[in-house]
Amino acid sequence: MSYRISEALIGEENRKLAAAQQEDYAALGRRLERGAVDVDAVTAKVAAFAVAVPTWGVGTGGTRFARFPGPGEPRGIFDKLEDCATIQQLTRATPTCSPHFPWDKVGDTRELAERAKALGVGFDAVNSNTFQDQPGQKLSYKFGSLTHSDKAVRDQAVAHNLECVEIGEKLGSKAITVWIADGSNFPGQSNLNRVFDWYLESLAEIYARLPDHWRVFLEHKLYEPAFYSTVISDWGSSLMAAQALGPKAFCLVDLGHHAPNVNIEQIVARLIRAGKLAGFHFNDSKYGDDDLDAGSIDPFRLFRVFNELVDASARGARGFDPAYMLDQSHNVTDPIESLIVSAIEVQRAYAQALLVDRPALEAAQQANDVMLAHRIFKAAFVTDVSPILAEARRCGGGAIDPIAVYRASNYRAHKAKERPAVAGSASGIV
Ligand code: RM4
Ligand code: MN
Ligand code: MN
């Protein structure tokens with residue numbers, strides 16, 4: 001039997017913190033009441049909020065220089081599912097995981113579906129991978145995949161995406177996220193226009209075979225591994241493609257995939273306006289696609305993004321149904337701890353955004369009272385919503401302090417015994 005954290009331990013740890021947590025929650029409730037905000041209503045919304053865990057995120061990540069594996073790392077998707085279930089057990093914010101193929105491919109998909117169900121983990125969007133070659137693969141993606149100059153390579157990449165959809169259907173997914181590394185490293189290497197045609201052509205084939213209730217998420221990224229031009233480099237290219245493909249195609253925003261200093265929340269607002277926002281890969285960054293933990297560098301930006309989302313939901317924006325996922329690489333922390341904290345930070349930004357006094361903000365904007373508008377906006381951001389997040393977890397059967405329970409459980413030490421290291425594990429190479 002593989003180790004799982006007991007409900008008894010969660011209860012025991014919660015009992016130690018319950019009195020102080022209830023006191024803090026009541027105090028925050030009284031404070032918010034002065035602004036006519038019902039704290040329980042905010043807590044209920046936070047409790048209903050979910051963000052998917054990337055299966056590749058529970059393995060230790062690395063850089064192109066080195067990877068420093070930790071003890072008890074997951075050796076494959078079945079171990080990864082256990083870790084995802086643990087994150088959900090403690091946070092109650094991550095009921096689903098987002099799998100990546102072929103990394104998570106197994107012989108019997110039904111067995112995978114059953115194991116996930118037994119662990120209480122569902123599946124969010126599936127991710128295809130045509131950015132590296134797999135052992136025994138017929139044709140190479142060295143010079144591109146869905147936009148390769150050779151039609152046979154494009155066909156192979158299309159077939160892989162269709163296989164991902166097929167597996168995803170068996171797992172209960174309803175979307176596929178397509179990120180391609182295709183691009184060029186030298187000016188003149190490829191025709192910037194023609195590669196976009198090939199992208200549309202390949203995606204149209206995938207799109208045509210999508211099950212009725214499925215969506216395709218197009219993920220853009222400015223650069224890397226292509227360092228001169230990337231085929232789907234920005235939200236403009238992504239939107240053009242999504243609009244050309246049709247109503248089931250949407251644009252996915254990975255927070256790390258933009259030029260430095262770009263106003264991401266404005267991109268989000270535009271995509272919502274176009275009815276084309278797929279959702280997010282949350283992470284944080286300082287320089288590029290750093291894949292750092294969400295909210296660890298710039299929590300204010302995360303808040304500004306959520307402000308747009310809450311605003312869109314409040315005004316009932318057409319077609320607004322974003323998928324929330326984390327996409328991070330944990331190189332120096334225990335990945336489970338990072339994912340727990342990141343899920344909480346995403347929830348935090350949501351809770352803060354729910355506190356924005358929208359009628360007052362609108363009045364200040366209308367009157368061009370710049371400082372008042374900014375102060376209203378900032379007031380929500382500086383509110384410590386931790387007691388709301390803890391209350392949402394407690395009511396959902398999770399841990400008031402998930403990291404404390406995780407550490408008290410010695411989960412990692414148990415897994416280190418259960419999971420003898422295997423050579424060449426594919427986990428966490430991102
Ligand atoms: C990419 C991108 C994709 C992810 C891969 C592993 O940079 O963010 O979403 O699937 O990394
Ligand atoms: Mn991503
Ligand atoms: Mn990325």
Side-chain angles (χ1 to χ4, degrees), residues 51-64 67 74 77 80 97-105 123-134 141 144-146 157 160-161 164-165 167-168 173 175-183 215-227 230-235 237-238 250-260 262 264 267-268 271 277-294 296-297 302 305 322-331 335 338-339 342 346 425-430:
V51 59
V53 167
T55 56
W56 61 101
V58 290
T60 306
T63 67
R64 65 202 166 94
R67 188 176 93 85
I77 182 62
K80 290 178 186 179
C97 69
S98 188
H100 219 307
F101 298 111
W103 292 339
D104 297 331
K105 195 172 163 179
F123 289 95
D124 208 291
V126 297
N127 299 264
S128 59
N129 176 346
T130 60
F131 47 82
Q132 58 179 183
D133 290 344
Q134 303 300 329
Y141 294 133
S145 59
L146 292 170
H160 166 66
N161 276 274
C164 290
V165 173
I167 299 173
S173 287
I176 177 166
T177 300
V178 183
W179 172 72
I180 55 166
D182 296 27
R215 300 191 286 168
V216 57
F217 298 163
L218 313 178
E219 181 177 3
H220 62 272
K221 169 162 160 165
L222 186 61
Y223 74 97
E224 194 206 18
F227 289 112
T230 290
V231 180
I232 303 298
S233 54
D234 51 25
W235 73 279
S237 308
S238 177
F250 294 82
C251 309
L252 184 118
V253 176
D254 181 311
L255 294 190
H257 288 189
H258 304 88
V262 145
I264 298 179
I267 293 172
V268 171
L271 290 176
L277 178 69
F280 295 88
H281 275 178
F282 291 116
N283 50 51
D284 215 333
S285 58
K286 176 93 179 119
Y287 302 105
D289 187 23
D290 305 338
D291 283 333
L292 300 173
D293 293 14
S296 65
I297 302 282
L302 195 56
V305 166
Y324 302 115
M325 293 164 273
L326 293 165
D327 180 6
Q328 306 181 160
S329 179
H330 313 107
N331 307 346
S338 267
L339 287 162
S342 302
V346 171
S425 157
S427 54
I429 63 157
V430 288

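Both ligands and their constituent atoms are indexed starting at 1 by order of listing. Predicted, not measured: the structure shown is a model, and the values here were computed from it.
- Contacts between D327 and ligand 1 below 4.0 angstrom, taking non-hydrogen atoms only, involve the side chain exclusively.
- Ligand 1 does not have E224 within reach: every non-hydrogen atom of the residue lies 4.0 Å or more from it.
- For ligand 1, none of its N or O atoms has an N or O atom of W103 under 3.5 Å away.
- Using a 4.5 Å cut-off on side-chain heavy atoms (C-beta onward), V268 and L277 make contact.
- Contact annotation: H281 places no N, O or S atom under 2.8 Å from the Mn ion (ligand 3).
- In the vicinity of D254, heavy-atom distances shorter than 4.0 Å reach the ligand 1 atoms 8 (O).
- Each of the following atoms of ligand 1 lies closer than 4.0 Å to a heavy atom of K221: 7 (O).
- Residue-ligand proximity, D289 to ligand 1, at heavy-atom distances under 4.0 Å covers atoms 7 (O).
- Counting heavy atoms from C-beta outward, N127 and W56 have side chains that approach closer than 4.5 Å.
- Listed by atom number, the atoms of ligand 1 under 4.0 Å from H257 heavy atoms are 2 (C), 7 (O), 8 (O).
- Checking N331 against S329 by side-chain atom types alone, a donor-acceptor pair falls below 3.5 Å.
- At a 3.5 angstrom cut-off on N or O pairs, H100 counts as close to ligand 1.
- The atom name of the N/O/S atom in D289 closest to the Mn ion (ligand 3) is OD2.
- Taking backbone and side chain together, D327 holds no N, O or S atom under 2.8 Å from the Mn ion (ligand 3).
- Looking at E219 and the Mn ion (ligand 2) together, the shortest N, O or S contact belongs to OE2.
- The CD1 atom of I297 sits 7.0 Å away from atom NZ of K286, with the distance rounded to the nearest 0.5 Å.
- Between the Mn ion (ligand 2) and the N, O or S atoms of D254, the shortest distance is to OD2.
- Distances below 4.0 Å separate heavy atoms of H281 from the following atoms of ligand 1: 9 (O).
- Summarising the contacts of atom 3 (C) of ligand 1 with H220, Q328, E219, the nearest heavy atom is found in E219.
- A side-chain hydrogen bond (donor to acceptor under 3.5 Å, both in side chains) with Q328 holds for exactly one of S342, S296, S338; it is S342.
- Of the listed residues (V126, T130, V216), just one forms a side-chain contact (heavy atoms from CB on, under 4.5 Å) with N161, and that residue is T130.
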